[in-house]
Asker: 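Before I ask anything, here is the structure I am working with.
Everything numeric here is computed off the predicted structure, so don't read it as measured data. Numbering starts at 1 and runs along the sequence shown.
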Amino acid sequence: MKLIPRPHYIDRIVKLIDKGVMLFLIGQRRVGKSYLLCLLREWLSENVENSNVVYINKEFEISNEIKNSHQLYSYALERFVEGCRNYLLIDEVQDIENYENALRSLHAENRCQIVATGSNAHVFSTELGTRLAGRYIEVQVYSLSYGEFLDFRGVSDSDASLLDYLKVGGLPGLIHFDISDQEQVMDYLSGIYNTVMLQDVIARESIRNVNFIKNLCVYTADNIGKIFSIRNIGNVMRSQGENVSVALTGSYMSFLRNAFLIKEVPRFDIHGKKLFENICKYYFTDHGLRNYLSGFDLRGSIEKVIENVIYLHLLRRGYEVSVGIMRAGEIDFVAAKSGSIIYVQATYLLASDQTIEREFGNLAAIKDNYPKYVVSMEPVVGTFKNYPGIKHIHLRDFLLSDI
């Protein structure tokens, strides 16, 4: 299999190698974590003199014998080489019972550099937080960016390429499919969604009301970018015949977050400089899965999908993202990194004076000097004389930028 580089991640991982901490690559299944381990193994063999890499993939038959921490410890120890720089790479480590005990011992004994992947946030927050606190760094892995999508498919940046990306999403496995064949794409996304839902949500969380959590996921897909509370979600689901409590609704939403299917975006009071609790927005970690759940038709939902891909781009660039709230209106995204902030408004087209006033006017009401952007698919971009200092940028250019 040809390995296509993902330098954004490999460069970051390499900088953290041999720094005395374990590395955990976390994210939804099939976003490319296993692929990154293969890329890292290749990098280590080519760039680290006297390296010895022990690779464990729980999907391989040869690794089925490793079921618990004792077996993991013994398996690794038997394969380490005295005098070499040993590296232990483990894919889907949460499938090994009490894995954290073995990793803690190997790390404390300075046996190797550990890099592992996992697909459930709750597992890591509880097991690592209690057993490995202060000894590890998490690296969140997302589906392909627009730039990576172009590289993987070997196509150039164009309006057609952008529309393909907006529709099918960025799961790397799509490279093997004809994305113009909707049936093929739907079958692939269906398989991924069902795997995540069954393995990382229903089975792992021992869910009894399977119908409800599936309906909840579809409801979230249909309402990405809308502000609502868990109470409101519960009320809507009850109006549709689901006999569920607010507490159960909140728990089930957390299960979807833990499986990295969705991300919660809090609201931020721009004037008061504080976060609001309990009321937020939700976006999918892969907009292709969102589209699959919502009927795979961008008509009527293009602005939602644009918001979703902009949000993911900001996360990939290392920003902490919130929704801006102020008296004049809402700012789609307030993105903070290294003491700096950018503000981003997202829209499909600037088709009317009212739209222009809403998108630019809200940004103009923010009285600071941080960068402000309106991102759209409008073919004519640039500044508006009535709104100096606010940059209007095409979605294609924004998604290929290093903002």
Side-chain angles (χ1 to χ4, degrees), residues 6-17 19-27 121 124-125 128-129 133-142 145-148 225 227 257 260 263-283 285 306-346 359-375 383 387-393 395 397-403:
R6 297 189 75 180
H8 171 73
Y9 293 107
I10 291 299
D11 290 350
R12 184 180 177 194
I13 294 167
V14 165
K15 289 177 181 177
L16 296 171
I17 288 290
K19 294 295 189 294
V21 293
M22 292 173 274
L23 302 180
F24 290 89
L25 313 183
I26 60 172
F124 283 98
S125 64
L128 299 187
R135 306 172 197 174
Y136 70 95
I137 293 176
E138 291 182 353
V139 176
Q140 175 97 43
V141 180
Y142 298 98
S145 67
Y146 177 53
E148 289 176 321
I227 290 179
R257 293 197 306 273
F260 300 107
K263 298 280 280 187
E264 182 180 278
V265 189
R267 296 196 309 163
F268 177 73
D269 182 348
I270 292 175
H271 296 303
K273 306 298 182 184
K274 64 179 180 180
L275 287 172
F276 291 98
E277 297 181 354
N278 303 321
I279 300 177
C280 57
K281 287 185 178 184
Y282 292 95
Y283 293 99
T285 56
I306 289 173
E307 278 191 37
N308 207 136
V309 299
I310 289 174
Y311 169 66
L312 292 176
H313 182 66
L314 292 170
L315 292 183
R316 292 188 190 97
R317 301 312 304 168
Y319 286 97
E320 292 185 11
V321 184
S322 57
V323 178
I325 303 298
M326 56 185 186
R327 289 182 294 274
E330 178 184 298
I331 303 300
D332 290 326
F333 301 115
V334 179
K337 179 173 65 174
S338 302
S340 185
I341 294 174
I342 65 172
Y343 302 100
V344 182
Q345 289 284 71
E359 305 299 344
F360 283 82
N362 287 353
L363 289 172
I366 304 173
K367 303 305 180 183
D368 63 32
N369 294 319
Y370 289 120
K372 301 174 179 67
Y373 300 91
V374 174
V375 182
T383 59
Y387 301 101
I390 300 174
K391 186 174 182 180
H392 176 213
I393 184 171
L395 179 61
D397 296 327
F398 185 84
L399 295 179
L400 292 174
S401 71
D402 292 329
I403 286 179

Asker: How close do Thr285 and Leu312 get, counting heavy atoms only, and between which atoms?
Answerer: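 What the structure gives for the nearest pair is O-CD1, 3.5 Å.
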
Asker: Roughly how far, to the nearest 0.5 Å, is CG of Leu399 from CD1 of Ile393?
Answerer: 9.0 Å

Asker: Would the distance check show the side chain of Lys263 and the main-chain N or O of Leu315 forming a donor-acceptor pair, the cut-off being under 3.5 Å?
Answerer: no

Asker: Does the salt bridge (charged side-chain N to carboxylate O under 4.0 Å, His left out) test come out yes or no for Glu148 and Arg316, once each step is laid out?
Answerer: CA-CA 12 Å; Glu148 289 176 321; Arg316 292 188 190 97; 5.0 Å; no

Asker: Can you name the nearest heavy-atom pair linking Ile310 to Ala346, along with the distance?
Answerer: CD1-CB, 3.5 Å

Asker: Would a distance-only check, ignoring hydrogens and angles, find a side-chain to backbone donor-acceptor pair under 3.5 Å from Glu138 to Phe24?
Answerer: no

Asker: To the nearest 0.5 Å, tell me how far Lys391 NZ sits from Asp397 CG.
Answerer: 8.0 Å

Asker: Is a side-chain donor or acceptor of Lys281 paired with a backbone partner of Gly225 at a separation under 3.5 angstrom?
Answerer: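 Judged by distance alone, yes, a pair lies under 3.5 Å.
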
Asker: About how many Å separate OG of Ser322 and CG of Leu314, when rounded to the nearest 0.5 Å?
Answerer: 10.5 Å

Asker: Is the number of heavy atoms from other residues, nucleotides or ligands under 6.0 Å of Glu320 CD greater than 12?
Answerer: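 Result for CD/Glu320: open.
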
Asker: Do you know which of Val374, Ile366, Asn362 makes side-chain contact (heavy atoms from CB on, under 4.5 Å) with Ile390?
Answerer: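 Of Val374, Ile366, Asn362, side-chain contact (heavy atoms from CB on, under 4.5 Å) with Ile390 is met by Val374 alone.
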
Asker: With sequence neighbours left out, what residues match Tyr146 under ring-ring contact (aromatic ring centres under 6.0 Å, His included)?
Answerer: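 Scan of Tyr146 (ring-ring contact (aromatic ring centres under 6.0 Å, His included), adjacent residues dropped) gives Tyr165.
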
Asker: Can you measure from CZ (Phe360) to NE2 (His392) and round to the nearest 0.5 angstrom?
Answerer: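 One finds 5.5 Å between CZ of Phe360 and NE2 of His392.
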
Asker: Could you go through Val21 and Tyr136, starting from their C-alpha distance and side-chain angles, then the distance that decides it, and tell me whether this counts as side-chain contact (heavy atoms from CB on, under 4.5 Å)?
Answerer: CA-CA 5 Å; Val21 293; Tyr136 70 95; 5.7 Å; no

Asker: Which atom names give the shortest non-hydrogen contact between Ala364 and Lys367, and what distance separates them?
Answerer: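 So the minimum-distance heavy-atom pair works out to O-NZ, 3.2 Å.
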
Asker: Looking at every heavy atom in both Gln345 and Ile331, which two are closest together, and how far apart are they?
Answerer: OE1-CA, 3.3 Å

Asker: Has Lys19 got more than 12 heavy atoms of other residues, nucleotides or ligands less than 6.0 Å from its NZ?
Answerer: yes

Asker: Quick one: does Asn308's side chain have a donor or acceptor within less than 3.5 Å of a partner on Tyr283's backbone?
Answerer: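 No, Asn308 side chain to Tyr283 backbone: no donor-acceptor pair under 3.5 Å.
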
Asker: Return the minimal non-hydrogen interatomic distance between Tyr370 and Asp368, and the atom names on each side.
Answerer: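 Closest approach of Tyr370 to Asp368, heavy atoms only: N-OD1, 3.2 Å.
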
Asker: Working note: Ile342 + Lys337, criterion side-chain contact (heavy atoms from CB on, under 4.5 Å); need CA distance, chi angles, decisive distance, verdict.
Answerer: CA-CA 9 Å; Ile342 65 172; Lys337 179 173 65 174; over 6 Å; no

Asker: Are Val344 and Ile403 close enough that some pair of their side-chain heavy atoms sits under 4.5 Å apart?
Answerer: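 Val344 does not reach Ile403 side chain to side chain.
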
Asker: Show your reasoning for whether side-chain contact (heavy atoms from CB on, under 4.5 Å) applies to Phe333 and Glu307.
Answerer: CA-CA 9 Å; Phe333 301 115; Glu307 278 191 37; 4.3 Å; yes

Asker: Could you grab the distance from atom CD1 of Ile137 to atom CG of Leu25, nearest 0.5 Å is fine?
Answerer: 11.5 Å

Asker: Go through the steps to decide whether Val375 and Asp332 satisfy the test side-chain contact (heavy atoms from CB on, under 4.5 Å), and finish with yes or no.
Answerer: CA-CA 11 Å; Val375 182; Asp332 290 326; over 6 Å; no

Asker: At what distance, to the nearest 0.5 angstrom, does CD of Gln140 lie from CZ of Arg12?
Answerer: 9.5 Å

Asker: For a quick test of reading the model, state the closest non-hydrogen atom pair linking Arg257 to Tyr282 and the distance between them.
Answerer: NH1-OH, 4.1 Å

Asker: Would the distance check show the side chain of His313 and the main-chain N or O of Ser401 forming a donor-acceptor pair, the cut-off being under 3.5 Å?
Answerer: yes

